[in-house]
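Everything numeric here is computed off the predicted structure, so don't read it as measured data. Numbering of ligands and ligand atoms starts at 1, following listing order.
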Amino acid sequence: MMAKSLSNLLFKGLAGLPATRTSRIVVPGLNYQHGMRYSTTVPNEPDTHDDFKPTNKLENSGLSLRDVVEQDVRQNPVMIYMKGVPDVPQCGFSALAVRVLKLYNVPLSARNILEDAELKSAVKSFSHWPTFPQIFIKGEFIGGSDIILNLHQSGELKEKLNDIAANQKTE
Ligand SMILES: N[C@@H](CCC(=O)N[C@@H](CS)C(=O)NCC(=O)O)C(=O)O
Ligand code: FES
């Protein structure tokens with residue numbers, strides 16, 4: 001069931017849709033803790049210097065892990081907690097979710113829950129969802145890879161991401 005759609009998407013691509021856009025991983029500042037947050041940027045913003053902005057200041061922040069998750073989903077229009085990082089997912093389900101999201105012109109922020117077992121628990125208890133990936137759009141918990149794929153196929157994901165994508169246009 002899942003395996004078929006997953007392998008189709010991963011290995012054959014989505015019919016009629018462009019190949020995955022290249023994206024850069026933004027390595028956060030030096031204050032690493034609790035699974036670095038990565039942000040991808042989109043190619044129509046070639047001159048952005050967001051790459052150099054620290055995006056993760058958890059160390060000495062006094063934030064609880066629940067606060068961290070709350071802040072992540074509030075500050076990042078598309079936030080994914082996943083296994084691995086967007087350019088190197090370490091599980092097929094996370095790879096599928098990233099592949100779907102990269103079809104849209106939106107910045108993607110991510111934390112690798114494999115790097116931090118406590119963060120992993122905090123995310124699960126925040127969303128009341130037992131598995132990864134977990135995707136949040138504009139602060140709303142959406143679900144995992146099955147749900148994001150279904151929303152993509154039904155056209156609902158386009159609606160949800162429309163205003164985020166529009167904000168990415170530079171001209
Ligand atoms: N059907 C799920 C697949 C995700 C899934 O089953 N993830 C498992 C294996 S990667 C998981 O996160 N298990 C709990 C864990 O690893 O803590 C979805 O739609 O996202
Ligand atoms: S199914 Fe094994 S890590 Fe995701």
Side-chain angles (χ1 to χ4, degrees), residues 1-23 25 27-28 32-40 55-56 58 63-162 164-165:
M1 31 162 249
M2 182 65 209
K4 190 154 189 282
S5 57
L6 180 64
S7 63
N8 278 347
L9 193 64
L10 289 175
F11 301 116
K12 295 182 189 155
L14 287 170
L17 290 165
T20 304
R21 212 188 336 267
T22 53
S23 58
I25 288 179
V27 180
Y32 169 76
Q33 203 180 1
H34 300 310
M36 285 192 286
R37 193 173 73 224
Y38 294 87
S39 296
T40 58
T55 58
N56 184 4
L58 302 182
L63 293 177
S64 71
L65 285 173
R66 188 185 172 86
D67 292 338
V68 168
V69 176
E70 261 172 20
Q71 189 173 287
D72 278 349
V73 306
R74 194 172 57 241
Q75 293 180 347
N76 299 280
V78 184
M79 182 74 211
I80 178 167
Y81 296 93
M82 61 181 287
K83 295 189 177 181
V85 297
D87 284 352
V88 190
Q90 290 182 36
C91 167
F93 296 117
S94 288
L96 171 60
V98 166
R99 177 120 193 230
V100 169
L101 289 166
K102 281 186 173 182
L103 294 169
Y104 297 83
N105 188 25
V106 291
L108 184 56
S109 301
R111 282 192 201 274
N112 179 3
I113 52 85
L114 293 178
E115 288 180 347
D116 191 322
E118 289 178 13
L119 174 69
K120 181 179 174 180
S121 300
V123 174
K124 284 184 181 183
S125 83
F126 182 80
S127 58
H128 306 289
W129 188 262
T131 58
F132 292 91
Q134 296 199 15
I135 299 138
F136 294 79
I137 297 177
K138 288 173 275 187
E140 179 196 2
F141 175 63
I142 301 297
S145 56
D146 290 347
I147 290 175
I148 207 77
L149 180 57
N150 287 340
L151 291 176
H152 167 66
Q153 289 170 335
S154 71
E156 289 168 81
L157 188 56
K158 187 167 191 287
E159 293 303 311
K160 282 187 187 294
L161 295 177
N162 242 349
I164 303 172

Practice prompt. Mind checking the CE-CZ spacing from Met82 to Arg111? Nearest 0.5 Å is all I need.
Written response: 13.5 Å
Discussion item. Nearest 0.5 Å, please: how far is CD1 in Ile137 from CG in Leu161?
Written reply: 4.5 Å
Which of the numbered atoms in ligand 1 are under 4.0 angstrom from any heavy atom belonging to [X]?
X	value
Gly144	19 (O), 20 (O)
Lys120	15 (C), 16 (O), 17 (O)
Lys124	14 (C), 15 (C), 17 (O)
Asp146	1 (N), 18 (C), 19 (O)

Item to complete: Have a look at ligand 1 and work out which part of Cys91, if any, has a heavy atom under 4.0 Å from it: side chain, backbone, both or neither.
Response: side chain
Mind checking whether [X] and [Y] have side chains closer than 4.5 Å, heavy atoms only?
X	Y	answer
Val69	Leu119	yes
Leu157	Leu149	no
Lys120	Phe132	yes

Worksheet item: Under 4.0 angstrom from ligand 1, any heavy atom of Pro130?
Response: yes
Practice prompt. List the steps, then state whether ring-ring contact (aromatic ring centres under 6.0 Å, His included) holds for Tyr104 with His152.
Written response: CA-CA 10 Å; Tyr104 297 83; His152 167 66; 5.7 Å; yes
Worksheet, complete the sentence: Excluding water, the protein N, O or S atoms sitting under 2.8 Å from atom 4 (Fe) of ligand 2 are Cys91 SG
Practice prompt. Indicate the atoms forming the closest heavy-atom contact of Leu101 with Val106, along with that distance.
Written response: O-CG2, 4.0 Å
Item to complete: Indicate yes or no: does Asp87 engage Lys102 in a salt bridge with an N to O separation below 4.0 Å.
Response: yes
Practice prompt. Would you mind finding which of Val123, Leu96, Thr131 brings a heavy atom closest to atom 6 (O) of ligand 1?
Written response: Thr131
Worksheet item: Is the side chain of Ser94 donor-acceptor paired with the backbone N or O of Pro89 at a distance under 3.5 Å, no angle test?
Response: no
